[in-house]
2 protein chains.
Amino acid sequence: MEKKTKRTKQSINREELESRILRSAEALFAEKGYSGSSMEAIAMSANISKQNLIYYFPNKELLYQRVLKEMLDIWIEKLSFLEAHGDTPEAVIRRYVHEKMQLSRLYPNGSKVFAHEIISGAPVLKEYLISHLKPQFDRDVEIVKSWINKGLIQNVDPEHLFFTIWAATQTYADFSVQMEVLLGRTKLDENDFSRAEEAVTSFVMRAIGAKKNNE
Amino acid sequence: MEKKTKRTKQSINREELESRILRSAEALFAEKGYSGSSMEAIAMSANISKQNLIYYFPNKELLYQRVLKEMLDIWIEKLSFLEAHGDTPEAVIRRYVHEKMQLSRLYPNGSKVFAHEIISGAPVLKEYLISHLKPQFDRDVEIVKSWINKGLIQNVDPEHLFFTIWAATQTYADFSVQMEVLLGRTKLDENDFSRAEEAVTSFVMRAIGAKKNNE
DNA sequence: GAATGACTTGTCTTAACGGTCAGCAATAAG
DNA sequence: CTTATTGCTGACCGTTAAGACAAGTCATTC
């Protein structure tokens with residue numbers, strides 16, 4: 001059970017506790033929003049005292065930013081997207097949709113916190129969107145344009161292609177409750193997600209004019 | 001004990017003021033969420049005193065429900081969707097996408113409040129989703145299935161077709177800030193929405209296998 | 001095994017929030 | 001005009017929130 005590292009028992013505990021706090025905070029922010037989540041409630045959910053929570057995260061705003069940053073780090077890592085691959089456009093986009101869908105399935109709470117933030121006008125993330133997301137978006141749009149110019153895919157609107165992919169995948173995290181009701185589930189399971197991914201992938205493939213090899 | 005609604009000067013004022021309050025509340029709920037919007041802030045935004053606001057809406061929860069209800073009424077009215085028309089599936093779906101897109105453009109705040117609510121697990125609306133939305137959804141899904149069986153459209157996953165359409169259209173209300181950043185706009189204008197609608201419509205048309213007449 | 005620094009908690013302050021209530025002001029009805 | 005109803009306000013209250021602070025506990029290092 002002990003780790004053979006230079007890390008002390010304390011620092012290991014710290015890491016463990018920090019991430020437990022972050023997960024608790026993420027869940028609460030997702031469900032109740034920023035203002036609706038009190039530090040005390042977050043502390044209780046992480047099974048520590050409020051004062052101890054404040055010791056680890058000196059204020060709520062900072063905790064919120066850390067939760068957002070954690071999610072964004074994961075997204076950036078998983079969605080380097082169009083970066084250099086000898087793959088065909090279809091393969092690239094197929095993989096992109098797959099990754100995005102996985103993220104909705106694996107990190108629904110982070111996704112919801114992000115959604116709340118953007119819907120609220122991105123008071124915290126706006127700068128990040130401008131400095132990080134837009135440049136990457138512009139590059140990716142250019143790549144899609146070049147595919148179109150080379151006749152590799154149909155003539156689609158590149159910007160709105162991305163918007164639609166994002167929306168169609170993210171909705172399985174953010175609006176999961178609505179889908180659970182409509183599909184008559186208590187929770188979306190593996191199977192639902194796999195059907196969803198197939199459906200979305202199929203839509204996108206048709207949109208870009210790919211020959212579907214799976215139907 | 002029936003109330004006669006006479007159109008006195010007072011009652012006219014009342015209506016005007018009530019809807020002003022609702023608009024203010026809607027905007028604030030959209031931006032700050034339920035907990036983040038104080039009654040005092042809503043009152044200030046509507047240019048009345050907090051006590052006066054409470055006179056019109058005796059508590060916050062009720063005000064919130066009224067805001068949601070207003071939005072849902074509009075949606076239901078506009079999205080009777082597949083109800084009886086001699087139109088082709090393509091025409092019906094095209095109109096559906098158009099209506100949904102219009103709603104995102106005309107009622108972005110209501111849409112955002114709804115989004116916050118669903119993302120938060122629909123604590124207020126869950127019952128409504130079960131009792132109203134699901135039956136309509138089931139009917140609409142059946143219609144799409146029948147179209148497929150008659151060979152009128154491609155074999156798509158009906159449930160997820162709706163989810164994708166909803167997500168792809170609603171995103172233009174909920175995530176407008178993100179798009180503004182990415183498209184380099186300060187506000188999405190008429191033109192952006194028209195491009196967006198074309199793009200989304202085009203995607204959906206291809207997804208259901210309609211021959212597009214403009215490419 | 002004591003000093004040191006990391007961790008944890010109890011108590012308190014200050015501010016904001018939702019909501020009440022008594023009474024005043026404006027309008028409508030008789 | 002008089003009265004009843006409706007609309008509105010100032011003062012106030014109980015609760016909860018974020019966070020400050022001091023004091024205590026525990027693990028690590030010397």
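Chain naming here is simple, since letters A, B, ... match the order of the sequence lines and numbering starts at 1 in each.
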**Message:** From CG of B/Leu17 over to P of C/dA26, roughly how many Å is that when rounded to an integer?
**Reply:** 17 Å
**Asked** Quick one: is A/Arg14 getting a side-chain N or O under 4.0 Å of the C/dA6 phosphate, OP1 or OP2?
**Response** no
**Prompt:** When you measure from every atom of DNA chain C, which of residues 57-64 of chain A have a heavy atom less than 4.0 Å away?
**Reply:** none
**Request:** Let me know the distance between CD1 of B/Ile54 and P of D/dA11, rounded to the nearest Å.
**Result:** 16 Å
**Message:** Test of understanding: with ring pair (Phe, Tyr, Trp, His ring centres under 6.0 Å), list the residues that count as partners of A/His116, not counting sequence neighbours.
**Reply:** B/His116
**Message:** With side chain to side chain donor-acceptor pair (under 3.5 Å) as the rule and sequence neighbours excluded, what pairs involving residues 38-48 of chain B come up?
**Reply:** B/Ser24-B/Ser45
**Item:** Non-neighbouring partners of A/Ser19 that pass side chain to side chain contact (heavy atoms under 4.5 Å, CB included), sequence neighbours left out
**Value:** A/Arg23
Taking distance alone, no hydrogens or angles, what donor-acceptor pairs closer than 3.5 Å link side-chain atoms of residues 173-183 of chain A to residues at least two apart or in another chain?
residue  : atom : partner  : partner atom : Å
A/Asp174 : OD1  : A/Ser111 : OG           : 2.9
A/Asp174 : OD2  : A/Gln170 : NE2          : 3.2
A/Ser176 : OG   : A/Ala173 : O            : 3.3

**Atom pair distance, as rounded to whole Å: OH in B/Tyr56 and C1' in C/dT20** = 19 Å
**Message:** Return a single string for nucleotides 9-16 of chain C, one symbol per nucleotide in 5' to 3' order, where B is base contact, S is sugar-phosphate-only contact and - is none, cutoff 4.0 angstrom on heavy atoms.
**Reply:** BBB-----
**Prompt:** ring pair (Phe, Tyr, Trp, His ring centres under 6.0 Å) with A/Tyr172: which residues, sequence neighbours excluded?
**Reply:** B/His160
**Message:** Distance check, rounded to the nearest 0.5 Å: A/Lys134 atom NZ versus A/Phe137 atom CZ?
**Reply:** 7.5 Å
**salt bridge (Lys or Arg N to Asp or Glu O under 4.0 Å) against B/Glu197, all qualifying residues, sequence neighbours excluded** = none
**Message:** Under the rule for side chain to side chain donor-acceptor pair (under 3.5 Å), what residues qualify as partners of A/Asn109, not counting sequence neighbours?
**Reply:** none
**Request:** Could you state the atom-to-atom distance from CG of B/Asn47 to P of D/dC8 in whole Å?
**Result:** 13 Å
**Request:** Using the six-membered ring of A/Tyr34, assess whether NZ or CZ of A/Lys60 lies under 6.0 Å from its centre and within 45 degrees of the ring axis.
**Result:** yes
**With sequence neighbours excluded, residues passing side chain to side chain donor-acceptor pair (under 3.5 Å) with A/Gln102** = A/Arg105
**For B/Tyr128, ring pair (Phe, Tyr, Trp, His ring centres under 6.0 Å) partners two or more places apart** = B/His132
**Request:** Within residues 20-36 of chain B, find the residues that approach DNA chain C with a heavy atom at under 4.0 Å, and present them sorted by residue number.
**Result:** none
